[in-house]
Amino acid sequence: MPDSHRSGFACFVGRPNAGKSTLTNALVGTKVAITSSKPQTTRHAIRGIVHRPDAQLVIVDTPGLHRPRTLLGQRLNDIVMSTWSEVDVIGFCLPADQKIGPGDRFIAQQLAKVSKRTPVIGVITKTDLATQAQIAEQLVAAQSLMEFAEIIPVSAVDGFQVGQLSDLLVAQLPEGSPLYPEGELTDEPEVTLVAELVREAALEGVRDELPHSIAVVVEEMAFREGRDDLIDVYAELYVERPSQKGIILGHKGERLKKVGTAARTQIEALLGAKVYLDLHVKVAKDWQRDPKQLRKLGF
């Protein structure tokens, strides 16, 4: 281990769908956070661990900060705010292909409260989707948004400046020995990651209003008796209305079958074993607004 090893925590913030989870996965080098074209995909603060010879960077991937309309929305914002107070450095993600808007200004106002004690790095994401002129424009706009310790354009998709971003984040960490064992890439329980992979598969291809309404609970996950090469996973997908259940199931259950196939492939890659995946869809009426149901579903 080098003489001056650094270790600590970073988090990415930004409005929903700013590329935070994709960037976390790119830095860690594997998939620890689910991604989707739908906003508000991330529901938990998931930690991804970057191992370097000179440092260990623990990235906390948080939900997108937004003006909440439901109790779930408020709880997600609470996760974000509590994470800010615990990390050593914050990366504020601003997509290069989208103009800075009210959501970004709202986050900048909130960040101003912590930026005196916690450095904030401006991260211009999704440069692969923008022209050079758009990127330059966004860099100028970001500088007028708030005072950043550094600003850097990156693309998680093609790897542009991901290594340099890692260097900037590590430079803000305190000196210290590693916090997690070598080779560990996340501290999330496997059962949580499995539930997230099922939810990611369920999110693809559904109508725009549905993402917020889907929750997944893994009821049981264990090796099948007498087998060490097959894991049985029993999971429930919860939606808020019977009509949404119909959307998830699809005609004669075809859509749910596709969800199961897509999720199983990802879960097998995660667990390194064959998986039997049993999915059921249940209706939990207006669960996003019901404290009791939110607790039951893990929020």
Side-chain angles (χ1 to χ4, degrees), residues 1-15 18-30 32-33 42 45-65 79-96 100 104 107-127 135 138-139 141-156 159-182 184-187:
M1 200 169 75
D3 294 339
S4 58
H5 186 275
R6 293 178 182 273
S7 61
F9 294 84
C11 78
F12 292 126
V13 302
R15 57 186 149 99
K20 301 179 293 295
S21 298
T22 310
L23 196 51
T24 298
N25 292 338
L27 281 159
V28 175
T30 191
V32 294
T42 304
I46 290 175
R47 290 183 177 88
I49 303 157
V50 181
H51 298 272
R52 300 174 24 149
D54 62 334
Q56 190 178 81
L57 172 67
V58 184
I59 302 167
V60 188
D61 183 41
T62 59
L65 194 72
I79 291 171
V80 178
M81 299 294 201
S82 67
T83 302
W84 291 3
S85 64
E86 294 164 3
V87 297
D88 301 295
V89 58
I90 296 168
F92 183 3
C93 294
L94 298 156
I100 285 170
D104 301 309
I107 293 167
Q109 284 169 1
Q110 304 303 312
L111 279 173
K113 299 169 190 172
V114 299
S115 61
K116 287 182 177 62
R117 63 177 186 274
T118 308
V120 180
I121 292 174
V123 186
I124 309 302
T125 58
K126 305 188 181 186
T127 58
I135 296 165
Q138 196 70 319
L139 285 165
Q143 281 166 329
S144 63
L145 189 62
M146 66 174 288
E147 201 171 316
F148 289 108
E150 305 272 357
I151 301 184
I152 182 170
V154 304
S155 167
F160 173 63
Q161 298 214 120
V162 170
Q164 287 88 328
L165 173 60
S166 180
D167 291 341
L168 290 180
L169 294 169
V170 162
Q172 301 290 351
L173 303 182
E175 288 191 7
S177 53
L179 303 162
Y180 292 92
E182 183 65 42
E184 202 165 299
L185 299 177
T186 180
D187 66 350

Spell out, as yes or no, whether a donor-acceptor pair under 3.5 Å connects the side chain of H5 to the backbone of G176. yes
For S155 and T127, indicate whether the former's side chain and the latter's backbone hold a donor-acceptor pair under 3.5 Å. no
Please find the pair of heavy atoms, one from [X] and one from [Y], that lie closest to each other, and give the distance.
{"X": "V123", "Y": "G91", "result": "CG2-CA, 4.1 Å"}
{"X": "S115", "Y": "V120", "result": "CB-CG2, 3.9 Å"}
{"X": "F12", "Y": "K20", "result": "O-CD, 3.6 Å"}
{"X": "Q172", "Y": "A149", "result": "NE2-CB, 4.2 Å"}
{"X": "R15", "Y": "P95", "result": "NH2-CD, 4.3 Å"}

Are any of the side-chain heavy atoms of L57 and F9 separated by less than 4.5 Å? no
Do the side chains of I90 and I121 get nearer than 4.5 Å, heavy atoms only? no
Lys/Arg-Asp/Glu bridge criterion (N-O < 4.0 Å) met for R6, D54: no
Would one find more than 12 heavy atoms of other residues, nucleotides or ligands at under 6.0 Å from atom CD of E86? yes
To the nearest 0.5 Å, tell me how far L173 CG sits from S7 OG. 7.0 Å
For the atom pair CD1 (I49) and CG (L179), what is the distance rounded to the nearest 0.5 Å? 8.5 Å
Determine, step by step, whether Q56 and V50 satisfy the side chain to side chain contact (heavy atoms under 4.5 Å, CB included) criterion, reporting the C-alpha distance in whole Å, the side-chain angles of both residues, the deciding distance to 0.1 Å, and the verdict. CA-CA 6 Å; Q56 190 178 81; V50 181; over 6 Å; no
